[in-house]
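These notes concern the structure reproduced below.
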Number of protein chains: 2
Amino acid sequence: MEYTQQSGPREPDVPATREQVAEALEQLAFLAVRHLTNRDISFTAASTLGRLSREGPSRLTALAADEGVTQPSMTQLIQRLERQGLVTRVDDPQDGRVVLVAITDAGRELLAERRRGRTNRLAELLATLSPEDQQALATAVHAAAPAFQRLVDNAARARKAPGSTAS
Amino acid sequence: MEYTQQSGPREPDVPATREQVAEALEQLAFLAVRHLTNRDISFTAASTLGRLSREGPSRLTALAADEGVTQPSMTQLIQRLERQGLVTRVDDPQDGRVVLVAITDAGRELLAERRRGRTNRLAELLATLSPEDQQALATAVHAAAPAFQRLVDNAARARKAPGSTAS
DNA sequence: TAGATTTATATCATGCCTCTATATAGGCAG
DNA sequence: CTGCCTATATAGAGGCATGATATAAATCTA
């Protein structure tokens, strides 16, 4: 497929323009949202549970800030999660105002279950591809993994210190 | 190329396990929702607008089926979109029951704007990577593009004819 | 120490988005 | 005309987010 690179390096193996990368990542994102999403709990709920699982008991406001939602939203979310038995709330003896939120065993089990579900759906999807295509995808993922991991880390970091063109 | 599914291939160049591919897609979904999402309209709303843009005026029930939501949900969504001036509703002269939904110019502009926003944010994100990492991502995207496209197509098709392990 | 301020969380009202159950209305077959 | 099927709308409920505001504990300050 032809494509012009504007004053680009004349190397014949130039792989993809930034727009193509953006396009591919968008499609990938669409696929992920459309076919890999569980309907049981919301994205923020799952992300919060994952954070509590990784980082231990946390304050409501800290969770809200980390998840990028308002404090009232997090209060409501935690109330729902508590009702579902996925988290518990413990008063902080040091500070009477704060409430520490912790994930329960049921919460961890839900996370594991969701993970299994996604992996299974993905496996089904991959199974529809030819072995050559599967191989190509696996190779690409393997090659891109370190760079992609850094991209994700940078994205998380950019969230804490907002930059120039935040929408 | 021979390729055994389980009972692990002993080849030294095995590129990525299915778990690694799943992991990468999960992280990507997270990245996409967290950093590439506009807050203006919902995912279903944007997807519906995109469909109307690509495929022209459609019936409510067809939209609902394609987007995987119930008909009442789509009715409400279209009502909201109409209130925002992003779609119009036209009665079908052939069949007094049906309503044809069409995207407006404002709707198309919103889609374009959202796309610009995502591409810009993604470009900012990519710019945080080293040239080597950018190259690695671009190469991987280029290599995986055809296989990935087929994966996306199969996923869309699988939605219409639900298979065995639907969650 | 008393009063003001800040901090952590909760509550309220509102709107989006989805669901299930049901209603309305047009098309069609007998 | 009667009855059924189809396309859309409405009602009621709950999840999920918001901004505005209330409450209570901690902390600063005069």
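Each chain gets a letter, A, B and so on, in the order its sequence line appears, and its residues count up from 1. Basis for what follows: all heavy atoms, side chains included, without hydrogens, waters or symmetry-related copies.
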Between [N] atom [atom2] and [X] atom [atom1], what is the distance in whole Å?
X	N	atom1	atom2	value
Asp92(A)	dA24(D)	CG	P	19 Å
Glu67(B)	dC17(C)	CD	P	13 Å
Ile41(A)	dG14(D)	CD1	C1'	16 Å
Gln79(A)	dC12(C)	CD	C1'	12 Å
Glu82(A)	dA10(C)	CD	C1'	13 Å
Arg80(A)	dG15(D)	CZ	C1'	5 Å
Gln84(A)	dG15(D)	CD	P	7 Å
Gln76(A)	dT18(D)	CD	P	10 Å

Check: Which is true for Thr70(B) with a 4.0 Å heavy-atom rule: it touches a base, it touches only sugar-phosphate, or it touches nothing?
Finding: base
Next item on the list: Remember a base hit wins even if backbone is also touched, and classify Arg59(A) as base, sugar-phosphate or nothing at under 4.0 Å, heavy atoms.
Entry: sugar-phosphate
Out of [options], which has the shortest distance to the side chain of [X]?
X	options	answer
Val98(B)	dA7(D), dT9(C), dA9(D)	dA7(D)
Ser42(B)	dA17(D), dC17(C), dT9(C)	dC17(C)
Pro72(B)	dT20(C), dT9(C), dT18(D)	dT20(C)
Arg89(B)	dA9(D), dC16(D), dT9(C)	dA9(D)

Next item on the list: Using a cut-off of strictly less than 4.0 Å, decide whether Thr44(B) has a side-chain nitrogen or oxygen near OP1 or OP2 of dC17(C).
Entry: no
Note to self: Quick check on dC16(D): is either OP1 or OP2 less than 4.0 Å from any side-chain nitrogen or oxygen of Ser73(A)?
What the structure shows: no
Item checked: Pairwise 5' ranking along DNA chain D for Ala45(A) and Thr75(B), keeping only the more 5' one -> Thr75(B)
Margin query: Using heavy-atom distances to pick each residue's nearest nucleotide on DNA chain D, tell me which of Thr61(B) and Met74(A) is more 5'.
Written below: Thr61(B)
Next item on the list: Test Asn154(B) against every option in Thr128(A), Leu125(A), Asp133(A) by the side-chain contact (heavy atoms from CB on, under 4.5 Å) rule and name the one that passes.
Entry: Thr128(A)
Margin query: Assess the residue pair Thr44(A) and Glu67(A) against the criterion (side-chain hydrogen bond (donor to acceptor under 3.5 Å, both in side chains)); give the C-alpha distance rounded to whole Å, side-chain angles, the decisive distance to 0.1 Å, and a yes or no.
Written below: CA-CA 7 Å; Thr44(A) 304; Glu67(A) 297 297 329; 5.6 Å; no
Next item on the list: Establish whether the base of dA10(C) is bridged to the side chain of Gln71(A) by a donor-acceptor pair shorter than 3.5 Å.
Entry: yes
Notebook entry, point to check: Would you call Glu124(A) and Arg121(A) a salt bridge, taking side-chain N to carboxylate O under 4.0 Å as the test?
Noted result: no
Check: Would a hydrophobic clustering, with Ile, Leu, Val, Met, Phe, Trp and Tyr connected at side-chain separations under 4.5 Å, put Leu151(A) with Leu31(A)?
Finding: yes
Is there any protein nitrogen or oxygen under 3.5 Å from a nitrogen or oxygen in nucleotides 25-27 of chain C, and what are the pairs?
unit_1  : atom_1 : unit_2   : atom_2 : d
dG26(C) : O3'    : Gly96(B) : N      : 3.4
dG26(C) : N2     : Arg97(B) : NH1    : 2.9
dG27(C) : OP1    : Gly96(B) : N      : 2.9

Next item on the list: Mark yes or no for whether Ser58(A), through its side chain, and Leu63(A), through its backbone, hold a donor-acceptor pair below 3.5 Å.
Entry: no
